[in-house]
Amino acid sequence: MTVSVVDADLANISSEEALLDGQYEMAERWLAQGADIAAVKSVLGFMEQHPGWDFGTPGALVHFVEKFHRKGYQELLVQSVGRAPTVHTLWMLNRIINGEQDAERKAAYVELLSRVASDSGNDEEVIAQAREYLEFQSEE
């Protein structure tokens, strides 16, 4: 399977409702067809393009990208958050932080949250969410 299939599927999603209705079947099909880490970049880019959409909690797209845990997903998520953080991608980053056992990697992820929280160019909701996760992480 090529990433162009994933890109085409995502491009055909016209609304949040359409996403919620079809994301599970779409993600299952991608996995069945052998989607690889390149598809994760496409999914994260789609999330960046639709920052206000509800992708589920966590939703099929998050379950899909998490299949690539320790296979490049974390690095791509860090790049996405650094480029265009959204409430949902921050939530995904917080999930990674919660499960991270390596203190150095965990500190780097928390530092990214801190940069997002202090960047006045970010959306107010994104800043508030980053601050909330920072507070949670400081209590851990």
Side-chain angles (χ1 to χ4, degrees):
M1 173 185 187
T2 65
V3 71
S4 61
V5 172
V6 174
D7 290 339
D9 283 349
L10 293 171
N12 285 328
I13 298 171
S14 59
S15 67
E16 186 177 344
E17 183 178 322
L19 168 71
L20 294 174
D21 287 345
Q23 68 177 323
Y24 285 94
E25 295 81 10
M26 191 171 49
E28 286 175 12
R29 185 169 29 82
W30 295 341
L31 288 169
Q33 294 177 358
D36 61 17
I37 190 66
V40 172
K41 189 172 183 178
S42 294
V43 171
L44 293 171
F46 182 78
M47 289 178 173
E48 290 174 24
Q49 294 167 4
H50 302 90
W53 283 18
D54 175 6
F55 291 91
T57 313
L61 295 183
V62 172
H63 284 299
F64 171 78
V65 299
E66 287 180 344
K67 298 279 186 198
F68 299 92
H69 184 73
R70 300 268 187 248
K71 298 175 186 171
Y73 160 60
Q74 291 90 322
E75 294 82 1
L76 291 174
L77 181 61
V78 164
Q79 292 169 12
S80 177
V81 170
R83 197 172 38 245
T86 70
V87 169
H88 203 76
T89 57
L90 289 176
W91 178 74
M92 293 163 68
L93 180 63
N94 193 61
R95 283 170 59 93
I96 289 174
I97 294 169
N98 290 341
E100 184 57 65
Q101 299 301 311
D102 181 273
E104 191 174 312
R105 278 195 298 260
K106 187 171 187 167
Y109 297 145
V110 170
E111 172 58 29
L112 177 56
L113 276 179
S114 181
R115 288 194 310 267
V116 170
S118 64
D119 185 345
S120 62
N122 288 326
D123 178 80
E124 289 179 22
E125 188 177 8
V126 166
I127 291 170
Q129 189 65 68
R131 288 178 178 162
E132 184 177 317
Y133 290 139
L134 279 170
E135 183 178 326
F136 174 78
Q137 293 302 330
S138 70
E139 295 171 358
E140 290 292 301

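Bear in mind the structure is a predicted one, so any value in this text is a computation, not a measurement. The chain is numbered in sequence order, starting from 1.
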Stepwise side chain to side chain contact (heavy atoms under 4.5 Å, CB included) check, Thr86 with Trp53
CA-CA 10 Å; Thr86 70; Trp53 283 18; over 6 Å; no
Could you walk me through whether Val126 and Val87 pass the side chain to side chain contact (heavy atoms under 4.5 Å, CB included) test, one step at a time?
CA-CA 5 Å; Val126 166; Val87 169; 4.3 Å; yes
Provide the closest heavy-atom pair for Val81 versus Leu93 in the form atom of the first, atom of the second, distance.
CG1-CD2, 4.4 Å
Got Val62 and Trp91 here, is their nearest side-chain heavy-atom distance under 4.5 Å?
yes
When rounded to the nearest 0.5 angstrom, what is the spacing between CG in Leu31 and CD in Gln33?
10.0 Å
Within a 6.0 Å radius of atom CD on Glu17, are there more than 12 heavy atoms belonging to other residues, nucleotides or ligands?
no
Over all heavy atoms of both residues, which pair between Gly52 and Glu16 is shortest? Give the atoms and the distance, please.
O-OE1, 4.4 Å
Any side-chain heavy atom of Leu10 within less than 4.5 Å of one from Ile13?
yes
Arg70 CZ to Glu75 CD distance, which is reported to the nearest 0.5 Å
8.5 Å
Which value, rounded to the nearest 0.5 Å, describes the distance between Asp9 atom CG and Glu25 atom CD?
11.5 Å
In chain order, what residues pass the salt bridge (charged side-chain N to carboxylate O under 4.0 Å, His left out) check against Arg131, with sequence neighbours excluded?
none
Which class fits the ring pair His88 and Phe55: parallel under 30°, tilted 30 to 60°, perpendicular over 60°?
tilted
Test log, rule side chain to side chain contact (heavy atoms under 4.5 Å, CB included), inputs Leu76 and Val65
CA-CA 10 Å; Leu76 291 174; Val65 299; over 6 Å; no
To the nearest 0.5 Å, what is the distance between CD1 (Ile97) and CZ (Phe136)?
10.0 Å
Starting at CD of Gln137, measure out to CG of Asn94 and round the result to the nearest 0.5 Å.
5.0 Å
Of all the heavy-atom pairs spanning Ala130 and Val116, show the shortest one and how long it is.
CB-CG1, 3.8 Å
Test: salt bridge (Lys or Arg N to Asp or Glu O under 4.0 Å). Region: residues 40-65. Which pairs qualify, not counting sequence neighbours?
Glu48-Arg83
Would you indicate whether the side-chain heavy atoms of Met47 and Ser80 approach each other to under 4.5 Å?
no
Grouping I, L, V, M, F, W and Y whenever their side-chain heavy atoms are under 4.5 Å apart, do Phe46 and Leu20 come out in a common cluster?
no
Is Leu44 reachable from Val78 through a run of hydrophobic residues whose side-chain heavy atoms are each under 4.5 Å from the next?
yes
Aromatic rings Phe64 and Phe68: how do their planes relate, parallel, tilted or perpendicular, breaks at 30° and 60°?
perpendicular
Take Gln74 and Arg105 through the side chain to side chain contact (heavy atoms under 4.5 Å, CB included) test and state the conclusion after the steps.
CA-CA 10 Å; Gln74 291 90 322; Arg105 278 195 298 260; over 6 Å; no
Search all heavy atoms of Tyr24 against all heavy atoms of Ala60 and return the closest pair with its distance.
CD2-CB, 3.4 Å
Under a 3.5 Å distance rule, please check whether Thr89 uses its side chain to pair with a backbone N or O of Pro85 as donor and acceptor.
no
Interatomic spacing from CG in Asn98 to NZ in Lys106 - rounded to 0.5 Å
7.0 Å
Is Glu111 atom CD crowded by more than 12 heavy atoms from other residues, nucleotides or ligands, each under 6.0 Å away?
yes
Closest non-hydrogen atom pair between Val6 and Ser42, with its separation
CG1-CB, 4.0 Å
Taking the side chain as every heavy atom from C-beta outward, state whether Asp119 and Ile127 have any atom pair closer than 4.5 Å.
no
